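Heads up: the structure comes next, in structure tokens.
Worth saying up front: this structure is predicted, and the values here are computed from it rather than measured. Order of listing sets the numbers, starting from 1, for every ligand and every atom in it.
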Amino acid sequence: MPGRTKPLLATLNGRNQAIKPIWLMRQAGRYLPEYRRLRAAKGGFLELVYNPDSAAEITLQPIRRFGFDGAILFSDILIVPHALGQDLAFETGEGPRLSPPLADFDLAALTPVPERLSPIYRTVEKVKAALPPETTFLGFAGSPWTVATYMVAGQGSKEQADARRLAYRDPARFSKIIGAIADTTVDYLSGQIEAGVEAVQLFDSWAGSLSPTQFERWVIAPTAQIVSRLRDRHPHVPVIGFPKGAGGKLGAYARETGITAIGLDETVDPLWAARELPDGLPVQGNLDPLALIAGGEALASAARRILSAFEGRPHVFNLGHGILPDTPIAHVEQLLELVRQ
Ligand code: CP3
């Protein structure tokens with residue numbers, strides 16, 4: 001039973017651990033000097049993602065330095081639009097650009113390039129071969145809604161207005177986009193699992209921008225579909241859902257999607273979550289990334305409050321969102337000490 005020696009996997013499978021496992025969203029990235037060095041040497045972000053040796057090395061960097069309980073695959077949620085046939089570029093300081101944007105072009109204008117997913121599976125195999133036995137290997141993808149916001153606008157967008165507009169104005173067309181993303185996501189996550197990841201996370205970074213009925217339709221329904229199709233193929237692989245900003249809709253998300261564990265952002269009160277979410281449902285989160293930047297007593301008291309609220313429930317310690325590039329390494333070390341006593 002691998003779960004016995006892997007505290008993070010055991011937690012996701014519902015077994016509460018006395019010492020809570022910890023990993024940090026975006027733990028492979030710019031706050032690490034060794035990442036910045038490799039990125040400067042190898043060129044752009046996408047070059048790193050599509051080079052299995054570099055991507056495997058970056059996945060392992062935070063494990064070597066901190067010994068986190070989970071290693072998250074170094075890749076990006078926008079690899080799926082790339083495989084669906086959009087051009088993808090990351091301009092330094094400007095964020096991602098995807099073209100053509102689906103606000104102006106039909107999905108039928110794209111020619112899928114599924115081979116773009118293959119190097120990611122090679123990365124998974126390389127990491128798998130090098131990972132310590134107690135470390136759980138996490139794969140991931142974006143949720144259809146969050147990925148669609150980028151595909152429609154062609155870039156990051158304020159309040160995701162283009163995608164929300166399209167979803168109201170032409171739900172049939174928007175539904176085709178969501179369906180195409182969901183299909184590719186199921187294949188992509190299955191590919192990651194077959195190559196060696198042990199659990200997967202669905203990042204829904206923009207779940208918070210939808211009204212309740214749109215949330216049901218574009219977040220809950222496609223997530224439930226992905227979970228059920230993944231379970232058909234890989235019944236025992238935990239799926240962590242992270243609907244950032246969902247607030248009062250977290251309960252419905254937890255009950256209706258079938259996810260194995262739920263990620264909480266830093267705006268969720270852990271005492272509320274401990275009380276209101278389904279009994280025994282594993283939770284993940286939810287330290288404010290800015291408390292980690294602050295360090296000291298601000299960090300200690302914020303971390304303790306979360307640990308104490310989730311003492312009686314399977315809990316994976318994490319941030320409420322990705323670690324910020326200006327986070328001091330010493331504060332990550334302080335946090336690890338706090339969580340592991
Ligand atoms: O968590 C990890 O360490 C694994 C790798 C990972 C990255 N992106 C690497 C990355 C993961 C899980 C993601 C998820 C992701 N990507 C999300 C969902 C989570 C979130 O943060 O909301 C989103 C929305 C994206 C899309 C994306 N990727 C944007 C908007 C940007 C530009 C803004 C930014 O943060 O730089 C990226 C680039 C990106 N993805 C970087 C990294 C390490 C920075 C690349 C660099 O400049 O070196």
Side-chain angles (χ1 to χ4, degrees), residues 22-51 54-63 65-66 68 70-82 86 88-98 120 123-124 127 135-158 160 163 181 185 188-189 192 197 199-209 240-246 263 265-266 284-285 289 316 318-327 332:
I22 174 171
W23 68 281
L24 302 180
M25 288 186 278
R26 293 288 193 98
Q27 68 188 18
R30 283 167 301 184
Y31 73 110
L32 286 178
E34 56 270 37
Y35 170 79
R36 293 196 300 268
R37 269 198 302 277
L38 196 68
R39 191 180 184 307
K42 299 275 168 157
F45 171 67
L46 267 190
E47 285 69 27
L48 295 176
V49 166
Y50 280 124
N51 180 323
S54 302
E57 167 62 21
I58 296 167
T59 302
L60 291 165
Q61 282 175 346
I63 307 308
R65 187 187 267 272
F66 301 114
F68 288 125
I72 184 153
L73 170 66
F74 181 76
S75 178
D76 198 83
I77 67 166
L78 300 179
I79 298 306
V80 164
H82 205 209
Q86 277 184 315
L88 174 64
F90 284 84
E91 314 292 349
T92 312
E94 286 183 42
R97 293 285 184 277
L98 302 98
I120 314 298
T123 302
V124 172
V127 172
T135 314
T136 300
F137 192 6
L138 304 167
F140 74 94
S143 74
W145 161 248
T146 287
V147 171
T149 67
Y150 290 94
M151 291 190 78
V152 170
Q155 56 187 358
S157 58
K158 209 172 161 224
Q160 297 73 56
I181 299 168
T185 301
Y188 182 43
L189 291 175
Q192 292 179 31
V197 306
V200 295
Q201 174 154 323
L202 277 170
F203 283 87
D204 211 339
S205 306
W206 304 120
S209 60
I240 308 165
F242 176 46
K244 184 174 179 293
D265 68 69
E266 66 273 12
Q284 174 174 282
V316 176
N318 205 318
L319 297 171
H321 196 196
I323 188 167
L324 294 161
D326 56 339
T327 304
V332 177

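- A donor-acceptor pair is defined here as one N or O able to donate and one able to accept, closer than 3.5 Å; such a pair exists between the side chain of W145 and the backbone of W206.
- Of all atoms in ligand 1, listed by their number and element, those nearer than 4.0 Å to a heavy atom of F90 are 28 (N), 31 (C), 37 (C), 38 (C).
- Of the protein's heavy atoms, F45 CE1, 3.4 Å lies nearest to atom 42 (C) of ligand 1.
- The shortest separation from a heavy atom of G156 to ligand 1 is not under 4.0 Å, leaving the residue out of contact.
- Some N or O of Q27 is nearer than 3.5 Å to an N or O of ligand 1, by distance alone.
- Note: no N/O pair closer than 3.5 Å links W23 and ligand 1 by distance alone.
- Considering backbone and side-chain N/O of L73, none are found under 3.5 Å from N/O of ligand 1.
- Taking only nitrogen or oxygen atoms, main chain and side chain alike, Y150 does not reach within less than 3.5 Å of ligand 1.
- Within ligand 1, counting atoms from 1 as listed, the ones closer than 4.0 Å to a heavy atom of Y35 are 43 (C), 45 (C), 46 (C), 48 (O).
- With respect to atom 23 (C) of ligand 1, the closest heavy atom belonging to the protein is I77 CD1, 3.4 Å.
- Of the inter-residue distances, the one linking K244 atom NZ with F203 atom CZ reads 12.0 Å to the nearest 0.5 angstrom.
- Residue contact check: I72 has heavy atoms under 4.0 Å from atoms 1 (O), 2 (C), 3 (O), 4 (C) of ligand 1.
- Neither the backbone nor the side chain of K244 has a heavy atom within less than 4.0 Å of ligand 1.
- Here L138 contributes atom CG and Q192 contributes atom CD; the two are 10.5 Å apart, rounded to the nearest 0.5 Å.
- The single protein non-hydrogen atom nearest to atom 11 (C) of ligand 1 is F140 CZ, 3.6 Å, given as residue, atom name and distance.
- Judged by the shortest distance from any of its heavy atoms, F242 lies outside the 4.0 Å radius around the atoms of ligand 1.
- Counting only non-hydrogen atoms, the option in L32, D76, I58 that gets closest to atom 27 (C) of ligand 1 is D76.
- Taking the six-membered ring for Trp and the full ring otherwise, the centers of F45 and Y35 sit at least 6.0 Å from each other.
- The ligand atoms of ligand 1 that sit less than 4.0 angstrom from a heavy atom of A28 are 3 (O), 43 (C).
- Considering Q155, R26, R30 only, the shortest heavy-atom separation from atom 36 (O) of ligand 1 involves R30.
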N51 vs E47, side-chain contact (heavy atoms from CB on, under 4.5 Å): CA-CA, chis, key distance, verdict: CA-CA 6 Å; N51 180 323; E47 285 69 27; over 6 Å; no

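- Distance check on atom 33 (C) of ligand 1: every protein heavy atom falls at or beyond the 4.0 Å cut-off.
- In this structure, the side chains of T185 and L202 come closer than 4.5 Å at one or more pairs of heavy atoms.
- A distance-only check finds a donor-acceptor pair linking the side chain of T59 to the backbone of F74 [under 3.5 Å].
- Checked by atom type and distance alone, the side chain of Q61 pairs as donor or acceptor with a backbone atom of E34 at under 3.5 Å.
- Note: T327 OG1 to L32 CG = 10.0 Å, rounded to the nearest 0.5 Å.
- A donor-acceptor distance shorter than 3.5 angstrom exists from the side chain of Y31 to the backbone of Q27, with no hydrogens or angles considered.
- When all heavy atoms of A207 and T146 are compared, the pair lying nearest together is N-OG1, 4.3 Å.
- Within the structure, ligand 1 has S75 among the residues with a heavy atom less than 4.0 angstrom away.
- Residue L46 holds its CG atom at 4.5 Å from CG of L88, rounded to the nearest 0.5 Å.
- With R36 contributing its side chain and R30 its backbone, the two residues share a donor-acceptor pair below 3.5 Å.
- For ligand 1, none of its N or O atoms has an N or O atom of T146 under 3.5 Å away.
- If you check each of A141, A40, P62, S205 against atom 19 (C) of ligand 1, the one with the closest non-hydrogen atom is S205.
- Distances shorter than 4.0 angstrom do not occur between any heavy atom of Q201 and any atom of ligand 1.
- Within the listing of ligand 1, atoms 43 (C) sit less than 4.0 angstrom from a heavy atom of F74.
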